[in-house]
Amino acid sequence: MAHQTGKEAALPLLTPYKMGQFDLSHRVVLAPMTRCRSYGGVPQPQAAVYYSQRATRGGLLISEGTVISPDSMGYREIPGIWMQEQVEAWKPIVDAVHRKGALFFCQIAHVGRVYTTEIKAGEQAPISSTDKAVTPDAEAGIVYPKPRALGIDEIPHVIEDFRRAARNAIEAGFDGVEIHGAHGFLLEQFMKDSANDRTDMYGGSLENRCRFVVELVDSLVQEVGAHRLGIRLSPFVDYMDCVDSDPEALAAYLVEQLNKHQGFLYCHMVEPRMAIVDGRRQIPHGLLPFKKAFNGTFIAAGGYDKEEVDKVVSGGYADLVAYGRLFLANPDLPRRFQLGASLNEYDRSTFYTQDPVVGYTDYAFLDNGDNNSVSAPDMPTE
């Protein structure tokens, strides 16, 4: 493609944006992605390479889902942030990102009943809103264990685990915290009516089903401040048997609750699965009403290519756009967008392996063949 020079060539996706107190130089966000390289639940030095490769001056990175307690770790080798050892391990990783001039948010998570690791004899069943197990995944050969429904008196203890994790994330140097309220994890198990079969104050009505997440947000606002807090939501997505009969009402209610906290930083919402209509991808449920209703920064995620996303940003559909697989395979993704360059293809078979290099830090940069370089090109600030 022809390359223009000067300010007229600025792509909407690569224009500056002010997110609360933070100044971003572009709108390309690293989405949170499980990478399974934190052995024993402790982040490893290679994570500093991985994240700093994808860091640019004025860019925003969101960490992989980082669990808040031993009983929230349902996947192999995912990081936690409930112990001081984990906090200390995160510090040099955060420092490496900050040295590149990027912002780094820690996504804190509880998987609830989504346990892919084996529950050993004597261990407690995973917790959830319900005692219904996730449907077995025959293709992956995964049988999910039967969970136990949390008692009302236990919910404050889980919220306290989230509080501690948020506090630890700030101690580790993260600029802020993202609550994982998406993709069938614990919070969605309460929010969505396909999973929540409770008859107490945390089940039944929309307000009751959302009570847990509302109480959690209230608590974390007190702990770290609304100005350092975001949340990821996927109201329209059916994942891990979590689907809602009225996702529009769910999304609208959650945005309304977030708006009660002045300065709540961002709402990160996942598009529903895109459908093909007349040969083009169409979004069956648009997020625009929730973007318009939310008072803070609105981040959209959902398999966008660059042409689509420039229309999204210029049309006011989203303020920022989070990229997962493309950013995984292209550590210099913003620069490739800037130059209209071709993209590396991702290797799905290496997404969740434990190799510290392959499929992790070995994707090539545009400007050099040093796959393990930590020097991703900086984006211009204008």
Trainee: Taking only residues at least two apart or on different chains, which pairs with a member in residues 176-185 satisfy side chain to side chain donor-acceptor pair (under 3.5 Å)?
Mentor: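 Passing the test, one end in residues 176-185: Gln107-Glu178, Glu178-Tyr266, Glu178-His268.
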Trainee: Determine the minimum heavy-atom distance between Arg27 and Pro16, stating which atoms define it.
Mentor: NH2-O, 3.3 Å
Trainee: Quick test of your reading of the model: are Glu88 and Lys91 salt-bridged, counting only N-O distances below 4.0 Å?
Mentor: yes
Trainee: Quick check on side chain to side chain contact (heavy atoms under 4.5 Å, CB included): which of Ser129, Cys242, Ser194 does Glu188 satisfy it with?
Mentor: Cys242
Trainee: Is there a donor-acceptor contact under 3.5 Å linking the side chains of Ser69 and Ser72?
Mentor: yes
Trainee: Set out, in order, the CA-CA distance, both residues' side-chain angles and the distance that settles ring-ring contact (aromatic ring centres under 6.0 Å, His included) for Phe337 and Tyr323, then state yes or no.
Mentor: CA-CA 12 Å; Phe337 282 166; Tyr323 283 91; 5.3 Å; yes
Trainee: Do Tyr360 and Val97 share a hydrophobic cluster, counting only Ile, Leu, Val, Met, Phe, Trp and Tyr and linking them when any side-chain heavy atoms are less than 4.5 Å apart?
Mentor: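 Yes, Tyr360 and Val97 fall within the same hydrophobic cluster.
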Trainee: Mark yes when over 12 heavy atoms from residues, nucleotides or ligands other than Glu171 sit less than 6.0 Å from its CD; otherwise mark no.
Mentor: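 Yes, enclosed.
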Trainee: Are any of the side-chain nitrogens in Asp319 or Lys291 under 4.0 Å away from the carboxylate oxygens of its partner?
Mentor: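 Salt bridge flag = yes for Lys291 with Asp319.
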Trainee: side-chain contact (heavy atoms from CB on, under 4.5 Å) for Asn168 and Arg164? Distances and angles first, verdict last.
Mentor: CA-CA 6 Å; Asn168 285 348; Arg164 178 182 57 196; 3.8 Å; yes
Trainee: Do the ring planes of Tyr75 and Phe185 sit parallel (below 30°), tilted (30 to 60°) or perpendicular (above 60°)?
Mentor: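 Judged by the thresholds at 30° and 60°, the geometry between Tyr75 and Phe185 is tilted.
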Trainee: For residues 142-153, which residue pairs pass the side chain to side chain donor-acceptor pair (under 3.5 Å) check, not counting sequence neighbours?
Mentor: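 Sorted pair list: Arg148-Glu154.
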Trainee: Could you tell me whether Asp244 and Arg209 make a salt bridge, using a distance below 4.0 angstrom between a side-chain N and a carboxylate O?
Mentor: yes
Trainee: I'd like to know whether CD of Glu256 has more than 12 heavy-atom contacts from other residues, nucleotides or ligands below 6.0 angstrom.
Mentor: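 Counting other residues, nucleotides and ligands, CD of Glu256 exceeds 12 neighbours.
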Trainee: For Ser245 and Asp193, test the side chains for any donor-to-acceptor distance below 3.5 angstrom and give the result as yes or no.
Mentor: yes
Trainee: So, using ring pair (Phe, Tyr, Trp, His ring centres under 6.0 Å) as the criterion, who are the partners of His110 when residues are at least two apart?
Mentor: none
Trainee: Rounded to the nearest 0.5 Å, how far apart are CD of Glu77 and OG1 of Thr353?
Mentor: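 So the gap between those two atoms works out to 11.5 Å.
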Trainee: With side-chain contact (heavy atoms from CB on, under 4.5 Å) as the criterion, how do Phe264 and Asn259 come out once you've worked through the C-alpha distance, each side chain's angles and the decisive distance to 0.1 Å?
Mentor: CA-CA 7 Å; Phe264 192 91; Asn259 281 342; over 6 Å; no
Trainee: Set out, in order, the CA-CA distance, both residues' side-chain angles and the distance that settles side-chain contact (heavy atoms from CB on, under 4.5 Å) for Leu265 and His227, then state yes or no.
Mentor: CA-CA 5 Å; Leu265 191 60; His227 64 294; 5.6 Å; no
Trainee: Which heavy atom in Pro43 sits nearest to a heavy atom in Ile93, and how many Å separate them?
Mentor: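 Closest pair (atom of Pro43, atom of Ile93, distance): CB-CD1, 3.5 Å.
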Trainee: Tell me whether Gln84 at atom CD has more than 12 heavy atoms from other residues, nucleotides or ligands lying less than 6.0 Å away.
Mentor: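 More than 12 within 6.0 Å, yes.
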Trainee: If every non-hydrogen atom of Asp175 is compared with every non-hydrogen atom of Ala102, which pair is closest and at what distance?
Mentor: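 Shortest heavy-atom contact: OD2-O, 4.4 Å.
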Trainee: Please report the interatomic distance CG(Leu229) to CD(Glu223), rounded to the nearest 0.5 Å.
Mentor: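 Spacing of CG (Leu229) from CD (Glu223) equals 10.5 Å.
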Trainee: Look at the side-chain heavy atoms of Ile, Leu, Val, Met, Phe, Trp and Tyr, link any pair under 4.5 Å apart, and say whether Phe294 and Met191 land in one connected group.
Mentor: yes
Trainee: Go through Gln257 and Lys260 one step at a time and tell me if the side-chain contact (heavy atoms from CB on, under 4.5 Å) criterion holds.
Mentor: CA-CA 5 Å; Gln257 297 304 307; Lys260 292 181 178 180; 3.3 Å; yes
Trainee: Check the angle between the aromatic planes of Tyr51 and Phe104 and answer parallel, tilted or perpendicular using the 30° and 60° thresholds.
Mentor: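 Judged by the thresholds at 30° and 60°, the geometry between Tyr51 and Phe104 is tilted.
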Trainee: What is the minimum heavy-atom distance between Leu233 and Ala182, and which atoms define it?
Mentor: C-CB, 3.9 Å
